[in-house]
2 protein chains.
Amino acid sequence: MADIARLAGVSTSTVSRALSGSKLVNQETRDRVMELARSLKYTINIGAQNLRLKQNRTVGVVIPAVSDTHTRQHLTDPFFLGMLGSLADALTEQGFDMLLSRVDADQLDAAAQPYDTGRVIGVILIGQWRHHDQLNQMAARGVPIVVWGAQLPQQLYCTVGGDNVAGGLLATRHLLQQGRRRIAFLGDIQLPEAAMRYQGYCQALQEQGLAPDPALQVSVSFLPEGGTEGVQELARRGATYDALFACSDLLAMTAINALRAQGRTVPHDVAVAGYDDIEQSTYFHPPLTTVRQPLADAGRALVATLLELAEGRSAASQQLPTELIVRASSV
Amino acid sequence: MADIARLAGVSTSTVSRALSGSKLVNQETRDRVMELARSLKYTINIGAQNLRLKQNRTVGVVIPAVSDTHTRQHLTDPFFLGMLGSLADALTEQGFDMLLSRVDADQLDAAAQPYDTGRVIGVILIGQWRHHDQLNQMAARGVPIVVWGAQLPQQLYCTVGGDNVAGGLLATRHLLQQGRRRIAFLGDIQLPEAAMRYQGYCQALQEQGLAPDPALQVSVSFLPEGGTEGVQELARRGATYDALFACSDLLAMTAINALRAQGRTVPHDVAVAGYDDIEQSTYFHPPLTTVRQPLADAGRALVATLLELAEGRSAASQQLPTELIVRASSV
DNA sequence: CTGAAAGCGCTAACAT
DNA sequence: ATGTTAGCGCTTTCAG
């Protein structure tokens, strides 16, 4: 900047003004400065600008990594990539940058670090896992944070999420409409989102005067192996079922594989519905019936909410509508 | 920081020193300051620190977004998520943060922006597409940049990539060993990586005294629809083939689907091999034979190379070994 | 319309 | 062992 000032024969103040398009500076000078900046490929140092302006146009996005006992298990669910893409778009649209970090799910406090050190104006967390309390603490401490997940009672932090109860309800109703009566449920109901899907599942059963059979509910992790394990566990229990509702498409896919290994066909022997509507669901064999999460809206809503919070305003949690997509795995 | 200084009854310099664990400061004072900082939940403002130290521990990671004529098509290939994860890990390991941005593939220059504005010390670009020249320009301009992709002649920028020729060779040899003779090739050979895989493919054919049949090579985009379109195009051409090698697992999957729609079974009628070894390949039906890209090493290599470059040293392009994974789709 | 000067939060000589 | 001072690159009063 000093260089430009010297070359243009003006002061840095003028350069600064010119570059920011201030009307206070002579049209001609401004053009000259602009031109000079372009030819020198000069761009304002955002770090310094931020420091001076006490502003910041970066938000933190945190993806939790599951660390099981041995290996650090990576989240490979394509749903996350979709969410990331959606966030990246929404942020770009608003002129914000995205600082991505990956944090062990069991030390979520680290998620606030980029905020504490002033690098970001707030944090978007994808997935609330079972760390309600830690999230509450962070929010109470004043960290602007928005979580993709379910709305819980006594929640101090802000969430944006799909309507999980409706999602569970839609999927289960659909399976019931196909004449299925013994519907297995795959998903870790310790996690708020899965719990609410389970709630919708129960509700749909009750509408038909059916009671949920605990033998049909298997809590498996969201890791892809979960589907295999779930189906094996059901076999171990000797459970009989003619349909299966899994809490993610990935689980549904591995479950279908495990069923196939048992010699059962989908949808003939077992009708299957997943959750998320990741792209691969379309060309899985059979194509997956699933509950679509509104990805594009999700990104926008998360960003909008975070910006509210970051500006010191309060923001309400939001629930986005979900939609049943019927494909061959259930009909 | 000033607050802490006041409360501790020392100067900010002392606080700064104490916080950085300098031995120059009295043990006792240091503890007091540390304690104070903790209780006030104070953390150093990294922006200011960076400005002062002229350092920076953030690297930019750019994912190109394909924008076709109408909609902005998102890259949904899980391979990218894997790469992101790998990069995130490698960066964390080295104490670096990751600024993620998504850039239209046809205005790649924008990729350097976070560098120009001083936010990152360099840029890692996932995929070189067909923008060799732009990349060369950026490198020539002095932007520290490392690209995941193939090594090209007259290349000024640094690449890290799998050994694509070997990958193509391995896959094709394997298909030939299965007794297949008419092997279709799906992939956009305008893109350097695909071109080299094609080269390996040709080489394997030649080893058997076979000449590549141009009718069997279809240039399709890396978007998942590519697989479908490729198979349809082959049908349109009236090409006969008993095997298919696709440049990504996603392409292989959609191709298999399209084949199924034509009433052909895999691997019986057509043996199929993909590329990348994304996780879903394991539980696709049939499980996919594929060429594994060394993801974990990739992340580490990309980061290591970028750090070299960022420190002003020169770095050589690297090629990582690939490995054939045989599964049911080809045997 | 433009320049001089102060200061964002931090660190590093250079004193003491 | 600690404080004083200057300055990283920028913006913005406040004076001209």
Side-chain angles (χ1 to χ4, degrees), chain A residues 1-38 40-58 95 97 113-121 310 312, chain B residues 1-38 40-58 95 97 113-121 310 312:
Chain A
M1 186 139 168
D3 297 350
I4 304 223
R6 200 167 342 99
L7 290 172
V10 294
S11 73
T12 58
S13 331
T14 305
V15 174
S16 171
R17 284 193 273 253
L19 258 29
S20 68
S22 160
K23 322 229 66 136
L24 285 171
V25 60
N26 193 327
Q27 173 74 42
E28 186 194 330
T29 334
R30 191 172 15 176
D31 291 348
R32 188 154 36 93
V33 169
M34 291 284 216
E35 187 44 46
L36 223 40
R38 191 172 14 258
L40 295 177
K41 290 191 199 300
Y42 166 86
T43 16
I44 276 176
N45 178 319
I46 303 223
Q49 194 186 47
N50 283 346
L51 182 59
R52 173 65 229 232
L53 261 32
K54 289 157 153 277
Q55 62 155 30
N56 192 338
R57 295 193 72 81
T58 307
D97 284 321
Q113 201 205 312
Y115 172 76
D116 291 332
T117 57
R119 310 167 70 78
V120 303
I121 57 163
Chain B
M1 186 140 170
D3 297 351
I4 304 221
R6 201 166 342 99
L7 290 171
V10 295
S11 74
T12 59
S13 333
T14 307
V15 174
S16 171
R17 284 192 275 255
L19 257 29
S20 68
S22 160
K23 323 229 62 132
L24 287 170
V25 61
N26 192 327
Q27 172 75 43
E28 187 194 329
T29 332
R30 191 172 11 172
D31 291 349
R32 191 153 36 90
V33 169
M34 291 284 215
E35 186 45 42
L36 223 39
R38 190 168 20 253
L40 294 177
K41 291 192 195 305
Y42 167 86
T43 17
I44 274 176
N45 178 320
I46 302 220
Q49 194 186 46
N50 283 345
L51 182 58
R52 173 67 233 232
L53 261 32
K54 289 159 153 277
Q55 63 155 27
N56 191 340
R57 296 193 69 83
T58 308
D97 283 322
Q113 200 205 314
Y115 172 76
D116 291 330
T117 57
R119 310 164 70 76
V120 304
I121 57 164

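Within every chain, numbering begins at 1; the chains are lettered A, B, ... in the order of the sequence lines, protein sequences first and strands thereafter.
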- Is B/S11 touching bases, backbone alone, or none of the nucleic acid, heavy atoms closer than 4.0 Å? base
- Has B/Q49 got a side-chain N or O lying under 4.0 Å from the OP1 or OP2 atom of C/dG9? no
- Do A/D97 and A/R57 sit within salt-bridge range, that is, some charged N less than 4.0 Å from a carboxylate O? no
- A correct dot-bracket answer for DNA chain C, with pairs being Watson-Crick or G-U at under 3.5 Å, [ ] for crossing pairs and | for inter-strand pairs, is ||||||||||||||||
- Query: Looking only at side-chain N and O atoms, does B/Y42 come under 4.0 Å of OP1 or OP2 in C/dG9?
  - Reply: no
- Distance in Å, B/Q49 CD paired with B/I44 CD1, rounded so as to fall on 0.5 Å steps: 5.0 Å
- Message: Can you identify which nucleotide, out of C/dT11, D/dC8, D/dT11, has its nearest atom closest to the B/L51 side chain?
- Response: D/dC8
- Query: Rounded to the nearest 0.5 Å, how far does CG of B/L36 lie from CG of B/D3?
  - Reply: 9.5 Å
- Specify the separation, in whole Å, of atom CZ of A/R6 and atom P of D/dG9. 12 Å
- Note on the structure: Within residues 20-36 of chain A, those residues having any heavy atom closer than 4.0 Å to DNA chain C are A/L24, A/V25, A/N26, A/T29
- Message: Please check this pair: side chain of A/N56 against backbone of A/G118, looking for a donor-acceptor N/O pair closer than 3.5 Å.
- Response: yes
Please write out the pairs of protein N or O atoms and N or O atoms of nucleotides 12-15 of chain C separated by less than 3.5 Å, giving the distance to one decimal.
from, atom 1, to, atom 2, distance (Å)
C/dA12, N6, B/S13, OG, 3.4
C/dA13, N6, B/R17, NH1, 3.3

- N/O donor-acceptor pair under 3.5 Å between A/R30 side chain and A/L19 backbone: no
- Task: Would you mind reading off the distance between A/N45 atom CG and D/dT11 atom C1', rounded to a whole angstrom?
- Result: 13 Å
- Message: Minimum heavy-atom separation for B/A48 and A/L51, please, with both atom names.
- Response: CB-CD1, 3.7 Å
- Task: Whole angstrom is fine here: how far is it from CD1 in A/I44 over to C1' in D/dT11?
- Result: 9 Å
- Query: Any side-chain N or O of A/K54 under 4.0 Å from OP1/OP2 of C/dG9?
  - Reply: yes
- Message: On a heavy-atom basis, which atom in B/V33 and which in B/A8 lie closest, and how many Å separate them?
- Response: CG2-CB, 4.2 Å
- Message: If we ignore hydrogens and angles and just use 3.5 Å, is the side chain of A/T117 paired with the main-chain N or O of A/Q113 as donor and acceptor?
- Response: yes
- Task: Using atom CG of B/D116 as one end and atom P of D/dG9 as the other, report the distance to the nearest whole Å.
- Result: 16 Å
- Intermediate values then yes/no, side chain to side chain donor-acceptor pair (under 3.5 Å), B/T14 and B/S11: CA-CA 5 Å; B/T14 307; B/S11 74; 3.3 Å; yes
- Task: State plainly whether the residues B/E35 and B/R38 are in salt-bridge range, i.e. N to O under 4.0 Å.
- Result: yes
- Given atom CG of A/D3 and atom C1' of D/dG9, what is their separation to the nearest angstrom? 12 Å
- What distance separates B/M34 CE from B/R32 CZ, expressed to the nearest 0.5 Å? 13.0 Å
- Task: Check whether any side-chain nitrogen or oxygen of B/T14 sits under 4.0 Å from OP1 or OP2 of D/dG3, and answer yes or no.
- Result: yes
- Item | Worked check of side-chain contact (heavy atoms from CB on, under 4.5 Å) between B/V10 and B/V15 | CA-CA 7 Å; B/V10 295; B/V15 174; 3.8 Å; yes
- Task: Rounded off to whole Å, could you give me the CE-to-C1' distance for the A/M1 and D/dT12 pair?
- Result: 11 Å
